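Bear in mind that the values here come from a model prediction, so they are computed numbers and not experimental data. The chains referred to below are lettered A, B, ... by the order of the sequence lines, with proteins before strands, and numbering in each begins at 1.
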2 protein chains.
Amino acid sequence: MVRNDAVPTVRDVAQLAGVSPGTVSKALNGQGQLREETRQRVLDAAEKLRFQPNRVARSLSEGRTYTVGMLTSDSFGRFTLPLMEGIEDSLGAGQVSTLLCDGRGDPLRERHYITELLNRRVDGIVVTGRRPDARRTVGRLPIPVVYALCRSDDPGDLTVTMDDEQGARLAVEHLAALGRTRLAYVSGPQHHLSTRLRQQGFERAAAGAGVEVADVLLGHWSEAWGRTAAGLLARRPEGARVDGVFCGSDQIARGLTDGLREAGVRVPVEVSVVGFDNWDVMVEAARPTLTTVDPGLVRLGRESASRLLTAIDGGEPGQGVVALPCRLVLRGSSVPT
Amino acid sequence: MVRNDAVPTVRDVAQLAGVSPGTVSKALNGQGQLREETRQRVLDAAEKLRFQPNRVARSLSEGRTYTVGMLTSDSFGRFTLPLMEGIEDSLGAGQVSTLLCDGRGDPLRERHYITELLNRRVDGIVVTGRRPDARRTVGRLPIPVVYALCRSDDPGDLTVTMDDEQGARLAVEHLAALGRTRLAYVSGPQHHLSTRLRQQGFERAAAGAGVEVADVLLGHWSEAWGRTAAGLLARRPEGARVDGVFCGSDQIARGLTDGLREAGVRVPVEVSVVGFDNWDVMVEAARPTLTTVDPGLVRLGRESASRLLTAIDGGEPGQGVVALPCRLVLRGSSVPT
DNA sequence: GTGAAAGCGCTAACAC
DNA sequence: GTGTTAGCGCTTTCAC
């Protein structure tokens, strides 16, 4: 009596093909030397039985699970989504699956997840987080680890993140090229690394382009702060008006354009505005739509995962901080028509 | 010579404790009958060796992986994030990990992921998607499947989703209680199930509360559409003005409040506005902040995962559509002060 | 070229 | 109570 309900194993395939289980394994994985005829016979048998290899058994014997863990320090959020997409892109191509672990900013929880991932014998881990700020390293692990977006504080780790400074430079150079000469930088809290790096890029690029840094306003990553900042900028004395603003986020930029419009300042005629993030929701709802710096998070995810795969395959993925360049996306808020 | 670099196995623990591997397994998993003293000795040995069980081996022998797949039909997005959080909540408690699979709206890709999940012997699958609209069932699988947020078109499947109609009712009853008598419904595309269900709830609740349905405007899920709709409402003749608007999303509600303000209509003095989603970004940036219907996506995720666990443990998780009630969150856009 | 046999690390049935 | 044994389903030497 044949057990039709059971899932077929290599043994079943072997039996049907009239070979041994070992041969089936070789045929299916393209290992060793097999006569073409035999291989085909095995393939046919597997096909006929709709054989699907049990990955768990394979993992146990191979000592490799084709699985990587994705661990967030803070939580999954808007920034991690495109990252996940990119990571899945790279991994999926390598038949590698992703195990989700949301650390929720709790070190204990994180610790627990790490041992769990190790017990599950994942081949590697991508550590990520909402913001590119530095975080404590997860420490030396017996498997490769790559930090994506958020930086590890251990220079021996590999971090793949965006180039905040270069992104800011892009924005300033764009404004300068438009003929803007008195610029302001409106951004998030000073204690965020991104805020400072973008400020650095802003100031250096301004100096390089010979344009004036008229104001630097640091606050929060919110629309409300953007509106407040707009008020501040609009109240500057006649001769000291800014004609270009680089914002540290699209939310700020959106609030700023709203604030400027309501204060009677025309964007982009009188003032050009550039945001950061290329977040569709903000960028499209703003009036005018926002010119912004795109950090390329999907590509960032792809890059980090592909380096992780390299490391898993015994290659050298690099170390230290790899900062991927941002792109400028032109829309209505910067170019006067 | 001791191999300090190697990960300890049950055998190592057994040897150190002077028992057999079988006994170690029992001691560690609380199975069978063991003398307390023996159990303790094993536990001590495990502790000393920092023994961590290899989950892959365990899975192979137990025939259970303590892993579930999370498959999105469309893609991971704003709506799936809180869902994932809830799912992880429930599963984490049961020591179950989550495997990510982003179908990207591609049926082939989805099919591929499903066989991959089956080959990896996951214990169950949560199917999800951005919107509560119906989708093709993944079909009968040898493991339990629960649909979260998005509905399966097979009534034999279990779907856990939000109660769109009840949410709409909540909004209308709130408006009615405020004394509003001429209401409008501004929402997304007609072909979205949510649009229609919320409209149904809106109309029934209005009838029930004895208030007039003055207008129904269907368009897109965008701020721009909200602003357009505001223009349409503001242009209604003097005697036919609406004094309460229920919006199908917070984005629409946000655009609507912006549009009304710019048209000189005071919110909430002249018109009360209620949104849907309780999406922090929109709700907080709007002026005034938005009263809205919260679909409770985290709880929805929790509920679906916990039902999946029930099914995995051989229980009866239920079938058909389970619609969880929404909550009303009061903020500035509805209650005149 | 192919088969036989051992083993990945754990659990579970059955002796003792 | 505890040890022994036999798998779970696959890969991988190593004979032949």
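The distance from atom CG of A:Leu60 to atom P of D:dT12 is 12 Å, rounded to the nearest whole Å. Atom CZ of A:Arg11 is separated from atom P of D:dT11 by 14 Å (rounded to the nearest Å).
With sequence neighbours excluded, no residue forms a side chain to side chain donor-acceptor pair (under 3.5 Å) with B:Thr98. The side chain to side chain donor-acceptor pair (under 3.5 Å) test applied to B:Asp294 returns B:Asn278, not counting sequence neighbours. The salt bridge (charged side-chain N to carboxylate O under 4.0 Å, His left out) check on B:Glu316 picks up nothing, with sequence neighbours excluded. Under the rule for a side chain to side chain donor-acceptor pair (under 3.5 Å), the partners of B:Gln40 that lie at least two apart in sequence or sit in another chain are B:Asp44.
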List, one per line, each side-chain donor-acceptor pair under 3.5 Å for residues 76-87 of chain B, sequence neighbours excluded.
unit_1  : atom_1 : unit_2   : atom_2 : d
B:Arg78 : NH2    : B:Gln251 : OE1    : 3.4
B:Thr80 : OG1    : B:Gly77  : N      : 2.5
B:Thr80 : OG1    : B:Gly77  : O      : 2.9

Would you list the atom pairs, donor with acceptor, under 3.5 Å between side chains in residues 137-144 of chain B and any protein atom, with sequence neighbours excluded?
unit_1   : atom_1 : unit_2   : atom_2 : d
B:Thr137 : OG1    : B:Gly139 : N      : 3.0
B:Thr137 : OG1    : B:Tyr147 : OH     : 3.0
B:Thr137 : OG1    : B:Asp157 : OD2    : 2.5

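A 4.5 Å side-chain heavy-atom check between A:Leu117 and A:Asn119 finds every atom pair outside the cut-off.
For residues 60-73 of chain A, the pairs satisfying side-chain hydrogen bond (donor to acceptor under 3.5 Å, both in side chains) are A:Arg58-A:Glu62, A:Arg64-A:Asp123, A:Arg64-A:Asp313, A:Thr65-A:Asp123, A:Thr67-B:Arg120, A:Thr72-A:Asp102, with sequence neighbours left out.
Reading DNA chain C from its 5' end, the first and the last nucleotide to sit under 4.0 Å from a heavy atom of chain A are C:dG1 to C:dG9.
With respect to A:Asp12 and A:Lys48, no salt bridge is recorded, no charged nitrogen being found less than 4.0 Å from a carboxylate O. Of the charged side-chain nitrogens involved, none lies within less than 4.0 Å of a carboxylate oxygen, so that B:Glu36 and B:Arg41 do not count as a salt-bridged pair. Looking at A:Arg104 and B:Asp89, a side-chain N of the basic residue comes within less than 4.0 Å of a carboxylate O on the acidic one, giving a salt bridge.
Of all the residues in residues 43-53 of chain B, B:Phe51, B:Pro53 reach under 4.0 Å from DNA chain C with at least one non-hydrogen atom. Applying a 4.0 Å cut-off to non-hydrogen atoms, none of the residues of residues 308-315 of chain A approaches DNA chain C.
Between its two ends, the helix from C:dG1-D:dC16 to C:dC16-D:dG1 turns its axis by 50°, counting five pairs per end and rounding to 10 degrees.
Among the atoms of the strands shown, base atoms are found under 4.0 Å from some heavy atom of A:Ser25.
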Requested in this report: Show your reasoning for whether salt bridge (charged side-chain N to carboxylate O under 4.0 Å, His left out) applies to A:Arg302 and A:Glu88.
Outcome: CA-CA 8 Å; A:Arg302 249 188 238 122; A:Glu88 256 222 328; over 6 Å; no
Requested in this report: Check the pair B:Thr161 / B:Val322 against side chain to side chain contact (heavy atoms under 4.5 Å, CB included), numbers first and verdict last.
Outcome: CA-CA 6 Å; B:Thr161 190; B:Val322 174; over 6 Å; no
What N/O pairs connect the protein and nucleotides 1-4 of chain D at under 3.5 Å? Give each pair on its own line.
unit_1 : atom_1 : unit_2  : atom_2 : d
D:dT2  : OP1    : B:Arg35 : NE     : 3.2
D:dT2  : OP1    : B:Arg35 : NH2    : 2.7
D:dT2  : OP1    : B:Thr38 : OG1    : 2.4
D:dT2  : OP2    : B:Arg35 : N      : 2.8
D:dT2  : OP2    : B:Thr38 : OG1    : 2.8
D:dG3  : OP2    : B:Ser20 : N      : 3.0
D:dG3  : OP2    : B:Ser20 : OG     : 3.4
D:dG3  : OP2    : B:Thr23 : OG1    : 2.6
D:dG3  : O6     : B:Lys26 : NZ     : 2.9

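Residues A:Ser152 and A:Thr159 approach most closely at N-OG1, 3.2 Å, considering heavy atoms. Here the shortest heavy-atom pairing between B:Asp74 and B:Gly129 reads OD1-CA, 3.3 Å.
Side-chain N/O atoms of A:Gln31 include none lying less than 4.0 angstrom from OP1 or OP2 on D:dT11.
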